[in-house]
Amino acid sequence: MSHQAKGAHDVEADDLVPILTPTTDILPRLKTLAVHFASKYNVEPSFFARVPGRVNLIGEHIDYCGYAVCPMAIEQDILVAVASSKYNDIYLTNIDPKYKDFQCSFENVGSCISDSESGPAWYKYFLCGVKGALEVIPTESIPTGILIAVWGNIPPNSGLSSSSALVSAALLSIAHANQHQLSKHELATISARAERHIGTQGGGMDQAIAFLGKAGSAKLIEFNPLRATDVRLPKNAVFVIAHSQAYHNKASTTDFNLRVAECRLAAQIIAKKRNKDWEHIQKLIDIQEKLAFDLDEMVTVVMSDLHEQPYTLDEICESLDTDYERLKKMSLISSFNISQTFKLQQRALHVFQEASRVLAFQRINEESGIMELEKLQHLGSLMSKSHASLHKLYECSHPSVDLLVERAVHRGAYGARLTGAGWGGCIVAIIDKTEVQQFVDALRTDLCRNSTKHRAELKDMVFPTEPNQGAVIYTVSTLF
Ligand code: ADP
Ligand code: NG1
């Protein structure tokens, strides 16, 4: 992408998505996808884009409040085979037959995404990435048509970021097909913005780790400006992901956006109470910066300025000395019914305490004076506290997730927590390296007992993971 690229600005080689010759481990999947591609389009793909999912180790529901998070890219990914075409449209096909083929013109991308009839259909996530590309690539450079085949193995609707991998892979595919040079940081920022076209107001963690992920290292992702720093995990720590078998699609309910709105309203009410211009406050970090308090002091502010009972819209308008129409413009509440209530104290408390836990998590990893075992205990304890807060204060867990967290700890994890947006999905547990196989087997046995599924099918439901490489482009030279 670096040499022939058209995006006319200097980018450090390190900040470009690598273009690699496929290695033997990925080759069989690329070949299978190429066969599907050729059977649909009668031509061969000219390159592949690969974007991984992620597991968030700690820092849940705080990226959209401006706070740092600690994810790592996982092995599971979205693979896209791409070729330009002389026909004028975008053609999409998916190896998984439950995702139906789709076709539309570049001009109609926006209207296809916003078409409310089809709900958050799979192709809309891809089109979000296309829209992101169209917003930055000059119109005359967009290829006349493009042929795409997708194959993903990230469990969808499960908190491992399958949606962002798909959006990011679409953006990367269009940019590369068009030889438009974008840095990893730009790709992360554009795809975070692009995914909001699906309707959810995410904070950018998923797209950041999708591009900035690195093999062997989790990342501390900070925002505004976007930065990714290595987090060196203890050598004896292994993270195991387990699926609760409850699924939740973020874009098909208002759960996720309600939390984003609650955080914004909490920040604005604190601002008003403390004589700051609430209309210029969007995130909880904005009000923290305005008040120049540390995170512990913000906890005290939350407890004194916000009450526990849910707020009605009438009370919020009164507290902010504004009307409903103005509030709709400033506070992300337009999609809610007038009778909707908002839990501001609980959500803000979670955010400030979780932001502190992320910093503590990073500090423990950097400590040289403590034993490895003690590190596991500290990290595990922070993860379990994070889960308790997501369950109690943020109310985004699920009974099956809570049960799995309990079982993981019972089976020897130093700590475990919901990972990703929640309301179902996966947990992540921290285990001593020497105990992983035993732990995984025990958790699979537990799941087997409570499931109609066969043990072999549950293999993909509990698996150890390690930090993986972010997005790459694969050439096809060794393929055919
Ligand atoms: P996640 O937590 O995995 O990001 P979301 O609920 O936000 O879950 O989005 C998941 C959606 O992304 C799926 O419902 C589907 O539309 C789309 N998706 C995920 N994986 C694939 C795939 N392999 N092929 C097509 N679409 C996919
Ligand atoms: P997942 O779990 O991938 O749906 C979502 C948001 C993140 C973050 C987490 C909660 C998107 C695309 N992703 O992730 O930004 O807020 O929830 O920590 O909206």
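Read the numbers this way: they start at 1 and go in the same order the structure lists the ligands and their atoms. Hydrogens, waters and symmetry mates are skipped; everything else that's a heavy atom, side chains included, is used.
- A donor-acceptor distance shorter than 3.5 angstrom exists from the side chain of Y41 to the backbone of I148, with no hydrogens or angles considered.
- Atoms of ligand 2 lying under 4.0 Å from at least one heavy atom of G203, given by number and element, are 15 (O).
- The protein atom (non-hydrogen) at minimum distance from atom 14 (O) of ligand 1 is N157 OD1, 2.9 Å.
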_As a quick check of understanding, evaluate side chain to side chain contact (heavy atoms under 4.5 Å, CB included) for V130 and I146, giving each step before the final call._
CA-CA 11 Å; V130 176; I146 197 145; over 6 Å; no
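- For the pair S161 and ligand 1, a heavy-atom separation below 4.0 Å is found.
- Using a 4.0 Å cut-off to heavy atoms of W122, the atoms of ligand 1 that qualify are 16 (O), 25 (C), 26 (N).
- Checked against L265 for a side-chain contact (heavy atoms from CB on, under 4.5 Å), the options L306, I316, L332 give a single hit: I316.
- Looking at Q207, its side chain never comes within 3.5 Å of a backbone N or O of T189 through a donor-acceptor pair.
- The proximity of Q207 to ligand 2, defined as any non-hydrogen pair under 4.0 Å, is limited to the side chain.
- The OG atom of S400 sits 9.0 Å away from the CZ atom of R407 when rounded to the nearest 0.5 Å.
- Interface atoms of ligand 2 facing E195, defined by a heavy-atom separation under 4.0 Å, are 12 (C).
- Heavy atoms of other residues, nucleotides or ligands lying less than 6.0 angstrom from NE2 of H391 number 12 at most.
- Exactly one residue among V358, T419, L233, L379 makes a side-chain contact (heavy atoms from CB on, under 4.5 Å) with L57. That residue is L233.
- Taking the six-membered ring where the residue is Trp, the centroids of Y125 and Y99 are separated by 6.0 Å or more.
- Summary of contacts: the protein heavy atom closest to atom 4 (O) of ligand 1 is S163 OG, 2.8 Å.
- Heavy atoms from other residues, nucleotides or ligands lying under 6.0 Å from CZ of R196 number more than 12.
- The distance from ligand 1 to the heavy atoms of G152 drops below 4.0 Å at these ligand atoms: 23 (N).
- For L393 against Q353, the heavy-atom pair with the smallest separation is CD1-OE1, 4.0 Å.
- Closest approach of A421 to F256, counting heavy atoms only: CB-CD1, 4.1 Å.
- In terms of polar-atom proximity, F256 is not counted as a contact of ligand 2, lacking any N or O under 3.5 Å from an N or O of the ligand.
- The shortest contact between atom 2 (O) of ligand 2 and any protein heavy atom is with A421 N, 2.8 Å.
- Counting the atoms of ligand 2 from 1 in the order shown, those under 4.0 Å from a heavy atom of G159 are 2 (O).
- Contact between H248 and ligand 1 is present, with at least one heavy atom of the residue lying under 4.0 Å from the ligand.
- When heavy-atom distances to ligand 1 are checked against a 4.0 Å cut-off, S158 comes that close only through its backbone atoms N, CA, C and O.
- For ligand 2 and Y64, the ligand atoms under 4.0 Å from any heavy atom of the residue are 16 (O).
- Nearest protein neighbour of atom 2 (O) of ligand 1, counting heavy atoms only, is G159 N, 3.1 Å.
- Electrostatic pairing of E395 and R347 counts as a salt bridge here, judged by a charged N lying under 4.0 Å from a carboxylate O.
- Salt bridge E354/R357: present, at least one basic N to carboxylate O contact under 4.0 Å.
- Counting atoms of ligand 2 from 1 in the listed order, those under 4.0 Å from a heavy atom of S161 are 3 (O).
- With a 4.0 Å heavy-atom cut-off, ligand 1 is reached by the side chain of L166 but not by its N, CA, C or O.
- Of the protein's non-hydrogen atoms, G202 CA, 3.1 Å is the one closest to atom 19 (O) of ligand 2.
- The proximity of T200 to ligand 1, defined as any non-hydrogen pair under 4.0 Å, does not occur for either the backbone or the side chain.
- The local environment of CG in N224 is sparse, with at most 12 non-hydrogen atoms from other residues, nucleotides or ligands closer than 6.0 Å.
- Of the polar atoms of E60, at least one N or O is found under 3.5 Å from an N or O of ligand 2, judged by distance alone.
- With respect to S331, the side-chain hydrogen bond (donor to acceptor under 3.5 Å, both in side chains) criterion is satisfied by exactly one of Q282, Q268, R264: Q268.
- Remark: side-chain polar atoms of S158 are paired, donor with acceptor, to backbone N or O of P156 under 3.5 angstrom.
- For ligand 2, one of its N or O atoms has an N or O atom of H61 under 3.5 Å away.
- Aromatic ring pairs are classed by plane angle as parallel below 30°, tilted from 30° to 60° and perpendicular above 60°; the pair F361 and F239 is tilted.
- When non-hydrogen atoms are compared, ligand 1 lies under 4.0 Å from the side chain of Y125 (C-beta onward) but not from its backbone.
- Of the protein's non-hydrogen atoms, the one nearest atom 19 (C) of ligand 1 is S162 OG, 3.1 Å.
- Heavy-atom proximity to G420, at under 4.0 Å, picks out these atoms of ligand 2: 2 (O).
- Nearest protein neighbour of atom 16 (O) of ligand 2, counting heavy atoms only, is D63 OD1, 2.7 Å.
- Residue, atom and distance of the protein heavy atom nearest to atom 1 (P) of ligand 2 are R54 NH2, 3.4 Å.
- Nearest non-hydrogen protein atom to atom 21 (C) of ligand 1 is Y99 OH, 3.7 Å.
- Annotation: D206 places an N or O atom under 3.5 Å from an N or O atom of ligand 2; distance criterion only.
- Of all protein heavy atoms, the one closest to atom 7 (O) of ligand 1 is K250 NZ, 2.4 Å.
- The nearest heavy-atom contact from the protein to atom 9 (C) of ligand 2 is M205 CE, 3.9 Å.
- The N/O atoms of K250, backbone and side chain alike, include one that comes under 3.5 Å of an N/O atom in ligand 2.
- Proximity of N94 to ligand 1, defined as any heavy-atom pair under 4.0 Å, is confined to the side chain (atoms from C-beta onward).
- Contact between G420 and ligand 1 is absent, with no heavy atom of the residue lying under 4.0 Å from the ligand.
- The protein non-hydrogen atom at the shortest distance from atom 6 (O) of ligand 1 is N249 ND2, 2.8 Å.
- Here the closest heavy-atom approach between residue C112 and residue L127 is recorded as CB-CD1, 3.6 Å.
- Looking at S164 against ligand 2, only its side chain comes within 4.0 Å, counting heavy atoms.
- Taking 4.5 Å as the limit, some side-chain heavy atom of S191 sits within range of a side-chain heavy atom of F211.
- Of all heavy-atom pairs spanning A208 and A188, the tightest one is CA-CB, 3.8 Å.
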